[in-house]
Number of protein chains: 2
Amino acid sequence: MDAVVSTNAKPGAAARRSQLERRREAERRLLQAAERIVAERGLERFTLAEIGEAAGYSRGLPAHYFGSKEGLVGALATHIVSGFGRGAARAEKHPAGLERLLGVASYYFESAGRDPVRTRVLFAVLGEALTNEALRTRIGELNAHSVKPIADNIRAGIAAGDIRKSVNANATATLILSGLRGAVTQWLIDPKHIDLKTVRAEFIASLKRSLAP
Amino acid sequence: MDAVVSTNAKPGAAARRSQLERRREAERRLLQAAERIVAERGLERFTLAEIGEAAGYSRGLPAHYFGSKEGLVGALATHIVSGFGRGAARAEKHPAGLERLLGVASYYFESAGRDPVRTRVLFAVLGEALTNEALRTRIGELNAHSVKPIADNIRAGIAAGDIRKSVNANATATLILSGLRGAVTQWLIDPKHIDLKTVRAEFIASLKRSLAP
DNA sequence: AATAATTTGCTTGTCAGCCAACAAATAACA
DNA sequence: TGTTATTTGTTGGCTGACAAGCAAATTATT
């Protein structure tokens, strides 16, 4: 395999970089390669060696850095999950309330469409959490972090009179998150039969209806 | 490990059974054991040998029947998926329309609560479909079979005047299925923080609202 | 500045354990 | 006795893990 041809070629021959830079870049490239491969084949059907080589390094490096295969999967999960959280926070344009809630939902679909590889990995991790204790706790945190802003917006919407008073903020927020995840999962499994924009529009519409005062 | 102690002990010493019975039972027991183990550890982290022994047979039998590990996973997926389809069909008490639709949704939650092991396997398969071509086609069929009755009920409900005319039956049916799956997934990952009955009630309520004329 | 000493990053060699797959033997049934 | 079901023996390939070595960078010494 010609490891040289890569989306993000390594510097020519020389190019003095500090140890820290070397290390950081190597780690970044390893996770990036892992992302690509895991998006295609899932969290089990790969070898440490191929990740190393796909990243343009040796077969031994992943084990050297991450200690074990489990360690690599954990690092990847953290990487993806935290990256996703950061993106969501940035997307909050409207003041808290119904509008922002709808914006968050839209963002969910848009970011899935924009970066299907990363999204696929995120959802592979979510699926794996069903049967993997270590991931489950990480996902528990992600859930909490994801539900909270939704619930907050519901409460703000209720206070502002945009959302009817009888909705249970936390339960509904959980259900909204589930709905978002379910819809995106469907699209990832069967992108040919499901148009993401249509799904997004329907989702938003039904959300408005079920929250309307 | 004492394979004798099993939920469903093998007949004592003798007990004359036909070859067909022997074979059928063995296969049933193997799939049952696979179900238990996969529910705990996912679709990859098990060995053919342990399935055989957990079922009370030898380590070699799974490979003998299913040919390969992939074959076993495929058979398990088919088993689970088809079993689930059968159950859903039986639950149709009301005449087609909104009531039956709500019944189908309830059934989804109830069957998850009644048989969490099987449900966990189903959802592990759904998750695995993201990154496994072979499963993807099977799940594509399941999706079609699952969406159709929902969409039919929506159409019937519209005809009967229980559901407003402007809903797009197919798109909404897809979204409802996604919502069901998403909600059950959340519960499976984090059963301590999510009460299935509450989620079911909220789901049904919001369904009524968003379909109401 | 130059170079020696040391640390840190990365690669290559190696091995032990695991496990799927197949073949041959044995047991249950007809 | 013949046939089908099941078990046991065996093997060959894979791969995670670790250790030892080489290379690049940093620090210390002069």
Side-chain angles (χ1 to χ4, degrees), chain A residues 1-4 6 10-34 37-38 41-76 132 134, chain B residues 1-4 6 9-34 37-38 41-76 134:
Chain A
M1 323 291 177
D2 39 3
V4 174
S6 156
K10 275 199 289 187
R16 199 174 172 86
R17 292 171 304 160
S18 74
Q19 298 279 59
L20 197 68
E21 281 171 336
R22 266 160 57 104
R23 200 205 159 93
R24 274 211 188 339
E25 177 174 345
E27 202 158 327
R28 218 201 62 227
R29 292 168 71 88
L30 285 176
L31 284 174
Q32 200 171 295
I37 290 177
V38 165
R41 307 222 291 275
L43 289 161
E44 305 275 356
R45 305 181 142 206
F46 66 89
T47 68
L48 293 177
E50 71 182 323
I51 299 283
E53 279 159 8
Y57 292 89
S58 72
R59 61 182 174 70
L61 199 58
H64 184 63
Y65 278 2
F66 302 107
S68 65
K69 191 168 184 174
E70 205 185 333
L72 170 58
V73 168
L76 182 61
N132 180 330
Chain B
M1 317 294 184
D2 39 2
V4 174
S6 155
K10 272 200 293 186
R16 206 171 167 86
R17 292 168 304 160
S18 76
Q19 297 282 61
L20 197 68
E21 282 171 335
R22 262 159 58 99
R23 200 201 158 95
R24 275 214 188 338
E25 178 174 346
E27 201 158 329
R28 216 201 64 228
R29 293 167 71 86
L30 286 176
L31 284 174
Q32 201 170 296
I37 291 178
V38 166
R41 308 222 290 275
L43 288 161
E44 305 274 356
R45 306 182 141 204
F46 66 89
T47 69
L48 293 176
E50 71 182 321
I51 299 283
E53 278 159 10
Y57 292 89
S58 70
R59 59 185 173 71
L61 201 58
H64 183 65
Y65 277 0
F66 302 107
S68 66
K69 191 169 186 173
E70 205 186 333
L72 170 58
V73 169
L76 182 61

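Residue numbers start from 1 in every chain, and the chains themselves are labelled A, B, ... in the order their sequence lines are given, proteins ahead of strands.
- Judged by distance alone, the side chains of Q32(A) and R29(A) never bring a donor and an acceptor atom under 3.5 Å apart.
- For A26(A), the side-chain contact (heavy atoms from CB on, under 4.5 Å) partners are Y57(A), L61(A), Y65(A), not counting sequence neighbours.
- A straight line from CG of L48(A) to P of dC14(D) spans 16 Å, rounded to a whole angstrom.
- L30(B) places its CG atom 13 Å from the C1' atom of dT7(D), with the value rounded to the nearest Å.
- One finds the CG atom of L48(B) at 13.5 Å from the NE2 atom of H64(B) (value rounded to the nearest 0.5 Å).
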Look for any protein N or O under 3.5 Å of an N or O in nucleotides 3-5 of chain D and output each such pair with its distance, or none.
unit_1, atom_1, unit_2, atom_2, d
dT4(D), O2, Q19(B), NE2, 3.3
dA5(D), O4', R22(B), NH2, 3.4

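- Note on G67(B): only backbone sugar-phosphate atoms sit closer than 4.0 angstrom, heavy atoms only; bases stay farther off.
- Per the geometry, CD1 belonging to I51(B) stands 14 Å off C1' belonging to dA20(C), to the nearest Å.
- A search for side-chain contact (heavy atoms from CB on, under 4.5 Å) contacts involving R24(B) returns L20(B), not counting sequence neighbours.
- Across the interface with DNA chain C, nearest-nucleotide mapping of S58(A) and E70(B) shows S58(A) to be the residue nearer the 5′ end.
- Under the salt bridge (charged side-chain N to carboxylate O under 4.0 Å, His left out) criterion, R23(A) pairs with E27(A), not counting sequence neighbours.
- When rounded to the nearest whole Å, the span between NZ of K69(A) and P of dA17(D) equals 9 Å.
- At a threshold of 4.0 angstrom between heavy atoms, the contacts of F66(A) with the nucleic acid are absent.
- Rounded to the nearest 0.5 angstrom, R45(B) CZ and E44(A) CD are separated by 5.0 Å.
- Note: CD (E53(A)) to P (dT15(D)) measures 12 Å, nearest angstrom.
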Checklist line | Contact pattern, 5' to 3', of nucleotides 13-18 of chain C - B, S or - by protein heavy atom under 4.0 Å | finding: BB----
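- Heavy-atom neighbours of E70(A) CD from other residues, nucleotides or ligands within 6.0 Å: at or below the threshold of 12.
- Contact check for I51(A) versus F66(A): no side-chain heavy atoms found under the 4.5 Å cut-off.
- Among residues two or more places apart in sequence or in another chain, the side-chain contact (heavy atoms from CB on, under 4.5 Å) test is passed with T47(B) by A49(B), E50(B).
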